[in-house]
Amino acid sequence: MPTDTPKAAPNAAPNADVITWSNLPAQTAEGVERRSFPGTGASLKHIVIKAGTAATRHAHAHEQFVIVVEGRALLTCEAGPVDLRPGMVIRFDPEAWHSADFIEDTVLIEVNLNPAG
């Protein structure tokens, strides 16, 4: 019977990685600190953003999920303005534009899926 379950390469053992965000190197610029954790089909980012920082309008070639852990931001996107608060999750289609103004120090977890193809 056929199966859709991916098979590991011969002689390759499945792997699991465990990290602590603070042990990953940080890239810091313009009030934003990013720590990245790459995978094979997606990547995670832990992002700390200072109040008063703005993310200008932009888009990505990949689908993206953003989880608000702490803080507050005003998001603008095709769907209109959104007051982001802890516990909220946003999903953007590839090439969906968005911008944000960070009202409070904010912590986000970003999930970036690799583009299809």
Side-chain angles (χ1 to χ4, degrees):
M1 174 179 259
T3 178
D4 292 335
T5 306
K7 301 287 185 202
N11 302 321
N15 191 28
D17 297 310
V18 179
I19 58 106
T20 300
W21 287 116
S22 61
N23 289 339
L24 294 174
Q27 292 81 41
T28 304
E30 301 175 9
V32 180
E33 178 187 276
R34 291 180 177 85
R35 295 175 192 270
S36 297
F37 186 43
T40 56
S43 66
L44 287 176
K45 288 185 182 177
H46 182 269
I47 306 170
V48 179
I49 307 157
K50 296 283 185 197
T53 302
T56 58
R57 182 175 163 151
H58 64 284
H60 311 279
H62 54 270
E63 183 177 18
Q64 180 182 65
F65 292 81
V66 178
I67 303 160
V68 183
V69 178
E70 295 176 20
R72 181 171 170 227
L74 299 176
L75 172 74
T76 303
C77 61
E78 190 71 35
V82 180
D83 187 4
L84 296 179
R85 306 282 182 147
M88 296 179 79
V89 179
I90 308 99
R91 187 193 66 80
F92 296 107
D93 281 335
E95 303 303 336
W97 66 267
H98 50 284
S99 63
D101 293 299
F102 295 88
I103 309 306
E104 299 174 2
D105 289 352
T106 301
V107 177
L108 305 173
I109 301 294
E110 193 176 273
V111 181
N112 297 296
L113 303 178
N114 292 344

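The side chain to side chain donor-acceptor pair (under 3.5 Å) search around E78 returns W97, not counting sequence neighbours. Residues satisfying the side chain to side chain donor-acceptor pair (under 3.5 Å) criterion with R57, sequence neighbours excluded, are absent altogether.
Closest approach of P86 to V69, counting heavy atoms only: CB-O, 3.5 Å. Of all heavy-atom pairs between T56 and S99, the closest is C-CB, 3.8 Å. Closest non-hydrogen pair, A61 versus P94, comes out as O-CB, 3.4 Å. Nearest approach of E33 to A26, heavy atoms of both residues: CG-CB, 3.7 Å. Here the closest heavy-atom approach between residue W21 and residue K45 is recorded as CH2-C, 4.0 Å. Considering every non-hydrogen atom in both T53 and E30, the closest pair reads CG2-O, 3.7 Å.
Linking ILVMFWY side-chain heavy atoms closer than 4.5 Å, directly or via other members, places I109 and L84 in two distinct hydrophobic clusters. If you chain together hydrophobic residues whose side chains sit under 4.5 Å apart, I67 and F65 fall into the same group. In this structure, V107 is not a member of the same hydrophobic cluster as I103, with clusters built from ILVMFWY side-chain heavy atoms closer than 4.5 Å. In the hydrophobic clustering of this structure, V48 groups with F37; members are Ile, Leu, Val, Met, Phe, Trp, Tyr whose side-chain heavy atoms approach within less than 4.5 Å, directly or through other members.
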Problem - Working for side-chain contact (heavy atoms from CB on, under 4.5 Å), residues V32 and F102 - result: CA-CA 11 Å; V32 180; F102 295 88; over 6 Å; no

Problem - H58/H98 under side-chain contact (heavy atoms from CB on, under 4.5 Å): CA gap, chis, key distance, verdict - result: CA-CA 6 Å; H58 64 284; H98 50 284; 3.1 Å; yes

Practice task
Could you give me the CA-CA distance, side-chain angles and deciding distance for L75 and I90, then say whether side-chain contact (heavy atoms from CB on, under 4.5 Å) is met?
Solution key: CA-CA 10 Å; L75 172 74; I90 308 99; 4.2 Å; yes

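Residues V82 and M88 form a side-chain contact, since some pair of their non-hydrogen atoms from C-beta on lies under 4.5 Å apart. With contacts defined as side-chain heavy-atom distances shorter than 4.5 Å, the pair V89/V66 does not qualify. Between R85 and V68 the shortest side-chain heavy-atom distance does not fall below 4.5 Å.
Residue pairs that meet the side-chain hydrogen bond (donor to acceptor under 3.5 Å, both in side chains) test with at least one member in residues 100-109, sequence neighbours left out, do not exist here.
Atoms CD and CG, from Q64 and D93 in turn, are 11.5 Å apart once rounded to the nearest 0.5 Å. Atom NE2 of H62 is separated from atom CD of E95 by 9.5 Å, given to the nearest 0.5 angstrom. Rounding to the nearest 0.5 Å places OG1 of T20 at 11.0 Å from CZ of R35. Separation of atoms CD1 (I49) and CD1 (I47) is listed at 5.5 Å; rounding is to 0.5 Å.
Outside the 6.0 Å centre-distance limit, the rings of H60 and F92 are not counted as a close aromatic pair.
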